[in-house]
*Asks:* 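One structure is given below, represented as structure tokens, and several questions about it will come after.
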Amino acid sequence: MGRVQDKIILLTGGAMGLGKAGAKRLLSEGAKLVITDHEADVGRKTAEELGGPVEFLEQDVTDPDRWSEVMDHIEKKYGRLDVLINNAAVTVFGSIADVSYQDFRRCYQVDVDSIFLGCKAALPLMAKTGGSIINLSSAAAINASADLVAYNSAKAAIPMLTKSIALHCARDKNGVRVNAVLPGTIMTPNVRSVIDGTPDPATTEQQFALAQPVGHMGEPDDIAHLLVYLASDESKFATGAAFAVDGGLSI
Ligand SMILES: NC(=O)c1ccc[n+]([C@@H]2O[C@H](COP(=O)([O-])OP(=O)(O)OC[C@H]3O[C@@H](n4cnc5c(N)ncnc54)[C@H](O)[C@@H]3O)[C@@H](O)[C@H]2O)c1
């Protein structure tokens with residue numbers, strides 16, 4: 001208990017899935033949370049369900065002006081930001097033959113541009129006190145699939161974006177560390193609905209599980225535990241790193 005006691009944490013895409021699970025664990029370790037999402041109704045319901053010191057703000061992470069408003073709100077209300085978790089993303093399925101340029105761009109805007117915008121908006125405030133930025137990438141940054149051309153390449157940009165920002169922060173000696181997290185396949189409600197939307201869900205579920213050398217998918221808490229470590233001062237010497245939690249998928 002108390003591993004992130006009283007830390008002010010902004011977590012994007014917190015309405016569901018890994019964001020919601022991470023929020024729950026961080027709250028249980030004493031954090032004060034601001035969760036944002038573009039799904040306002042679900043996000044508000046999640047914040048109510050979570051209880052404790054958590055507030056929900058509607059935010060489209062691709063909107064630069066909204067990032068400024070969110071940061072202004074946090075500075076006025078809390079006076080500082082200790083941790084930013086760039087978690088919001090979309091998965092765009094399809095090969096180079098199938099995916100439209102519009103959908104490809106959308107994947108980059110939500111998955112990559114949002115991290116650039118989030119780090120740019122948050123750093124002036126975070127640099128006053130130091131802190132931790134955590135960027136959600138994926139094992140899909142390393143393991144390619146013919147049918148994930150947009151998502152594979154967008155998620156692969158994140159560890160390098162993370163390294164560059166980490167080096168900037170180290171050079172500035174501003175006390176902000178920046179790391180990427182690369183989950184394997186984790187059973188979230190959205191992964192469940194992707195599986196259920198295929199013609200043979202049982203076979204798809206088995207294929208998803210066997211993609212991990214350990215032979216099964218992960219649970220949301222497998223990632224939530226790492227978020228607690230990276231948000232806490234326990235990770236004070238870690239920066240620019242890519243943490244794989246993926247059942248061996250990226251080996
Ligand atoms: N679940 C997995 O198996 C898995 C594996 C590897 C990486 N990841 C990564 O982990 C993160 C969370 O994954 P998840 O499975 O919980 O995903 P999810 O789709 O369940 O949740 C993503 C959240 O982001 C929100 N979001 C999407 N677009 C947004 C936008 N423009 N503005 C604000 N919010 C937006 C969604 O509403 C949702 O609440 C993502 O970055 C994902 O790529 C997940």
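This is a predicted model, so every value here is computed, not measured. Just follow the structure's listing: the first ligand is 1, and inside any ligand the first atom is 1.
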*Asks:* Does a donor on one side chain and an acceptor on the other come within less than 3.5 Å for His225 and Glu219?
*Replies:*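 Judged by distance alone, the side chains do not pair up.
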
*Asks:* Just jot down the ring pair (Phe, Tyr, Trp, His ring centres under 6.0 Å) partners of Phe56, sequence neighbours excluded, or say none.
*Replies:*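 Listed in chain order: nothing, the list is empty.
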
*Asks:* Taking only heavy atoms of the protein into account, state which residues are under 4.0 angstrom from an atom of ligand 1, in chain and number order.
*Replies:*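 The answer is Gly13, Ala15, Met16, Gly17, Leu18, Asp37, His38, Glu39, Gln59, Asp60, Val61, Asn87, Ala88, Ala89, Val90, Arg106, Val110, Leu136, Ser137, Ser138, Tyr151, Lys155, Pro183, Gly184, Thr185, Ile186, Thr188, Asn190, Val191, counting any residue whose heavy atom sits under 4.0 Å from ligand 1.
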
*Asks:* Under a plain distance cut-off of 3.5 Å, with no hydrogens placed, do Glu29 and Ser232 share a side-chain donor-acceptor pair?
*Replies:*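 No, no side-chain donor-acceptor contact under 3.5 Å.
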
*Asks:* So Glu75 and Lys128, salt bridge (Lys or Arg N to Asp or Glu O under 4.0 Å) or not? Walk me through it.
*Replies:* CA-CA 11 Å; Glu75 184 163 20; Lys128 291 181 186 173; 2.9 Å; yes

*Asks:* Can you name the side chain to side chain donor-acceptor pair (under 3.5 Å) partners of His216, sequence neighbours left out?
*Replies:*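 Per chain and number, His216 pairs via side chain to side chain donor-acceptor pair (under 3.5 Å) with no residue.
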
*Asks:* Any side-chain hydrogen bond (donor to acceptor under 3.5 Å, both in side chains) pairs touching residues 192-201, not counting sequence neighbours?
*Replies:*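 Residue pairs with at least one partner in residues 192-201: Arg192-Asp196, Arg192-Glu205, Thr198-Thr204, Asp200-Thr203.
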
